[in-house]
Amino acid sequence: MDLVYGTPYWPSTYKSDVDYPSLNGDISCDCLIIGGGMGGALTSRLLAERGFDTVVIDKRKIAHGSSSANTGLLQYTNDKTLTSCINTFGEAKGVRFYELCRESMKQLSGIAGSLKTDPWFIPRNSFCFASSEEDVSLLEEEFQTLQKYGFEAELWSSDQIKSHFPFVKPAALYTKGDAEVNPYRFVQGLFESAVQHGARIYEETEMIHCEYDDEGVTCYTPHGKIRAKQVVYAAGYETQEIKKDRGAYLKATYAITTKPLSDLSSWHEQAMIWETARPYLYMRTTPDNRIIVGGLDEETPAQDQRELRSENQGEVLLEELRTYFPLDQLEVDYAWGAVFGNTHDGLPLIGTHPDYPHSYFVEGYGGNGTVYSMIAASLIADAISGGAQNEDMKLFSLTRTSKPSPV
């Protein structure tokens, strides 16, 4: 699958000193993780530090799939509001989902601070504005819901927005407890940490297929076999090609990174910005004073059009940025497109599947993929450690109904 096209920014920020080999021979382990992105990195770190003999394989170089295109906004709030989650799944499940996201933000912060490689993890507030007057009531309702269940939020008026930003919108939610990260550096640092705890990493090692028996799983690669007691499929959007019932829909999304700017003082607290419209525009800054802008989700273009499309959509994003921040010297430095996926009910897919024994799946689909990957890594590590599924894992069941009810 062609996950990324164009030129993403993050790989330019880090040159690894580590050279992971390709697998050449037969090996065995407790836990095999298939996928060298965010989900695989977080899971390998947790399993390795708990003492499990862990092996990771990826058919590419580490972090060169979707992780290189991830724009690094980490939030406990979601594309699906808490109000909507409660209406869809019921009060207990909806609130628990948001609590898990908030807990995962704290876990991500702790892990980021423990890494030798600086992942550029910076606590940030989030600013979600009403794209139109019609969306003000949506934000007002969500503000009340967040407050009711103990999530810190402020509801900003048009005048408050005008006093803090160089643009005006009808209303906005201002939430705390979020963060930005460099996902490429984060994944590299996580794998470096996992290796220090005993994990083995093999790049450019593709899973051809897996066979299952009563004792575990045998994974076949081009130049060897891996015998594992448990396997974790963390192949991101390519997991859709592994199992029969895909459970998600894929689109194309786009992003740009500007050249460094001399003055971002008009950007209040350098908060992460997004909106109520769907598909939505979102913006953030970087430690070297660049701006990242993303959005314009659409059906995936034909393969021979993708490079040109990422360039053209990059220019559209730049013009959108100028309407919010009319800064001098705004210029695109990096522009890329990538596969983006979501589930039909807005929750990620995490856990076991009846057709795949001794297996767990990490499918952190949606606009909050890193947070979902943290949830998945924690739940799966607990399940493997304790031998039973955590009750929270049922929220994200791969076989859950496609028509959830709040009752």
Side-chain angles (χ1 to χ4, degrees), residues 3-4 6-25 27 29 31-72 74 107-122 179-207 221-224 226 232 234-236 257 259-260 286-290 292 333-334 336 338 362 369-370 373-374 377:
L3 293 173
V4 184
T7 308
Y9 164 59
W10 301 121
S12 72
T13 69
Y14 181 73
K15 304 301 179 187
S16 177
D17 295 330
V18 181
D19 185 23
Y20 298 113
S22 298
L23 179 64
N24 187 12
I27 60 173
C29 61
C31 301
L32 168 64
I33 298 172
I34 300 171
M38 190 65 74
L42 287 165
T43 306
S44 71
R45 157 68 188 252
L46 294 191
L47 288 174
E49 71 179 358
R50 295 187 189 195
F52 290 97
D53 180 11
T54 303
V55 168
V56 180
I57 62 171
D58 193 292
K59 69 179 183 181
R60 301 178 180 85
K61 290 284 188 180
I62 291 300
H64 275 72
S66 296
S67 295
S68 67
N70 179 339
T71 46
L74 310 180
Q107 286 180 282
L108 287 166
S109 178
I111 291 174
S114 72
L115 300 179
K116 181 179 178 181
T117 294
D118 179 7
W120 297 5
F121 186 101
I122 302 173
E180 66 183 40
V181 76
N182 179 327
Y184 187 81
R185 293 177 65 93
F186 196 22
V187 169
Q188 297 284 0
L190 285 164
F191 279 125
E192 291 164 8
S193 175
V195 168
Q196 291 174 352
H197 285 89
R200 290 170 283 168
I201 315 294
Y202 297 96
E203 296 181 322
E204 297 179 313
T205 300
E206 184 173 8
M207 178 206 75
T221 74
H223 303 292
I226 305 168
V232 178
T257 302
K259 292 186 176 180
T286 68
D288 56 348
N289 269 25
R290 299 171 185 266
I292 296 176
D333 203 4
Y334 298 85
W336 67 95
V362 179
T370 300
S373 292
M374 186 72 258

Would Thr13 and Asn182 satisfy side-chain hydrogen bond (donor to acceptor under 3.5 Å, both in side chains), going step by step from the backbone distance to the final call?
CA-CA 9 Å; Thr13 69; Asn182 179 327; 2.8 Å; yes

Measure across Ile57 and Thr205 and return the closest heavy-atom pair with its distance rounded to 0.1 Å.
CB-O, 3.7 Å

What heavy-atom pair brings Phe191 and Gly36 nearest, and what distance separates the two atoms?
CE1-O, 3.4 Å

Once rounded to the nearest 0.5 Å, what's the spacing between atom NZ of Lys15 and atom CD of Gln188?
10.5 Å

Atom NE2 of His197 and atom CD of Glu49: how far apart are they, to the nearest 0.5 Å?
5.0 Å

Rounded to the nearest 0.5 Å, what separates atom CD in Glu203 from atom OG in Ser16?
7.5 Å

How close do Arg290 and Lys259 get, heavy atom to heavy atom, and via which atoms?
NH1-CA, 3.8 Å

Polar contact flag, side-chain donor to acceptor under 3.5 angstrom, Glu192-Thr117:
yes

Could you please spell out the steps behind the side chain to side chain contact (heavy atoms under 4.5 Å, CB included) verdict for Met374 and Leu46?
CA-CA 10 Å; Met374 186 72 258; Leu46 294 191; 3.9 Å; yes

Verify, without hydrogens or angle tests, whether Ser109 (side chain) and Gln107 (backbone) share a donor-acceptor contact under 3.5 angstrom.
no

Can you tell me if Ser193 and Arg45 form a side-chain donor-acceptor pair at under 3.5 Å?
yes

Compare every heavy atom of Val4 with every heavy atom of Gly65, then report the nearest pair and how far apart it is.
O-CG2, 3.4 Å

Smallest separation among heavy atoms of Leu42 and Thr370, with atom names
CD1-O, 4.1 Å

Run Tyr184 and Ile62 through side chain to side chain contact (heavy atoms under 4.5 Å, CB included) and show every step you take.
CA-CA 9 Å; Tyr184 187 81; Ile62 291 300; over 6 Å; no

Whether Trp336 side chain and Ala69 backbone form a donor-acceptor pair below 3.5 Å
yes

Picking from Val56, Val195, Asp53, what satisfies side-chain contact (heavy atoms from CB on, under 4.5 Å) with Arg200?
Asp53

Nearest 0.5 Å, what's the CZ-OG distance between Arg60 and Ser67?
10.5 Å

Steps toward side chain to side chain contact (heavy atoms under 4.5 Å, CB included) verdict (Trp10, Arg185)
CA-CA 8 Å; Trp10 301 121; Arg185 293 177 65 93; over 6 Å; no

Verify side chain to side chain contact (heavy atoms under 4.5 Å, CB included) between Glu204 and Lys59, making sure each step is shown before the conclusion.
CA-CA 4 Å; Glu204 297 179 313; Lys59 69 179 183 181; over 6 Å; no

First locate atom OG1 of Thr43, then atom CG of Leu190, and finally report the distance between them rounded to the nearest 0.5 Å.
10.0 Å

On a heavy-atom basis, the closest approach of Phe121 and Leu74 is CE1-CD1, 3.6 Å

Between atom CG of Leu115 and atom CD of Gln196, what is the distance when rounded to the nearest 0.5 Å?
9.0 Å

